[in-house]
Amino acid sequence: LSMGGEVALDVALTYPECVSALVLASTLAGMAERGPEIRQLWSESDAAAELGDAPLHGLVCAAGIWPAGDDRYSAVGLDVWERTWAVNVTGTMLTLRTFAPRLVYGGAVATIASIVALAGFPRRDAYTASKGGVLAMSRELGVQFARQGIRVNALCPGPVNTPLLQELFAKDEERAQRRLVHIPTGRFAEPEELAAAVAFLASDDSSFITGSTFLVDGGISAAYVTPL
């Protein structure tokens, strides 16, 4: 299940059977002030009963929002700024606080930051700053948990070919081309490619990787200019 935090929260409240998917996302908190509702849904779900007190081997903090109204720092509304941070940063922290103590030695956490945590994204200041917060927190926890045998890495994807992006760019072809020109591979990532990266970070194949900034961006961060 991959969707923005606010939508995911609404789905969870309407369809409690979805909570088993949401529990691996930073929308455990949804918007921070509604966190208890999500925890109650989780505690009452079939997935919680099946999991019981079993240890966890992996945790993925994946959900986030990019709300309408995000803008440059001097124009973005304080409500938009705070809601973005509540889901993207506080939500990630609360998910970790709830489930990290159950991770076994050798366990792994993958957070979802973004290429915008490393490169400017004009007029999206709340989202950009929040993803920088996720990245910094992931580095800190990668160091903090290392001697406990738990790895924490931040996945930093470029643009992903999701229905939301397709809808956005269908309305504005020029905007899509402005994005694509900066991607050396000439295309957006597919969701399955990010899932494969998360699976790698959660596997024993990445047993000596922690605190890393794991880029899956089609070469954006490496490019000064893109090939003709």
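Since the structure is predicted, the reported quantities are computational estimates derived from the model, not experimental observations.
- The shortest distance between side-chain heavy atoms of L141 and V109 does not fall below 4.5 Å.
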Show me the donor-acceptor pairs within less than 3.5 Å that the side chains of residues 217-228 make with the rest of the protein, sequence neighbours left out.
residue : atom : partner : partner atom : Å
D217    : OD1  : G219    : N            : 3.0
D217    : OD2  : S221    : N            : 2.8
D217    : OD2  : S221    : OG           : 2.7
T226    : OG1  : V181    : O            : 2.8

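- The closest donor-acceptor contact from the side chain of S203 to the backbone of F200 lies under 3.5 Å.
- Counting all heavy atoms, side chain and backbone alike, P55 lies closest to V104 at CB-CG1, 3.2 Å.
- In terms of heavy atoms, A129 sits closest to W81 at CB-CH2, 3.7 Å.
- Scored by the side chain to side chain donor-acceptor pair (under 3.5 Å) test, E193 finds R187 as partners (sequence neighbours excluded).
- Remark: S138 OG to F214 CZ distance equals 13.5 Å, nearest 0.5 Å.
- Taken from OH in Y105 to CZ in R147, the straight-line distance is 9.5 Å, to the nearest 0.5 Å.
- Here the side chain of S206 pairs a donor or acceptor atom with the backbone of L201 at under 3.5 angstrom.
- Side chains of R139 and T213 form a contact here, defined as non-hydrogen atoms less than 4.5 Å apart.
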Tabulate below the donor-acceptor pairs under 3.5 Å that side-chain atoms of residues 114-122 make, not counting sequence neighbours, or state none.
residue : atom : partner : partner atom : Å
S114    : OG   : V116    : N            : 3.1

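- Between M137 and T92 there is a side-chain heavy-atom pair separated by less than 4.5 Å.
- Across all their heavy atoms, N153 and S212 have their closest contact at OD1-OG, 2.7 Å.
- Nearest heavy atom pair, residue E190 against residue N161, reads OE2-ND2, 3.1 Å.
- For the pair F188 and V160, the tightest heavy-atom approach, listed with the atom from each and the gap, is CB-C, 4.3 Å.
- Partner of I112 under the side chain to side chain contact (heavy atoms under 4.5 Å, CB included) criterion, out of V198, N88, L194: V198 alone.
- Residue C156 is tested with L135, T111, V216 for a side chain to side chain contact (heavy atoms under 4.5 Å, CB included); the sole match is L135.
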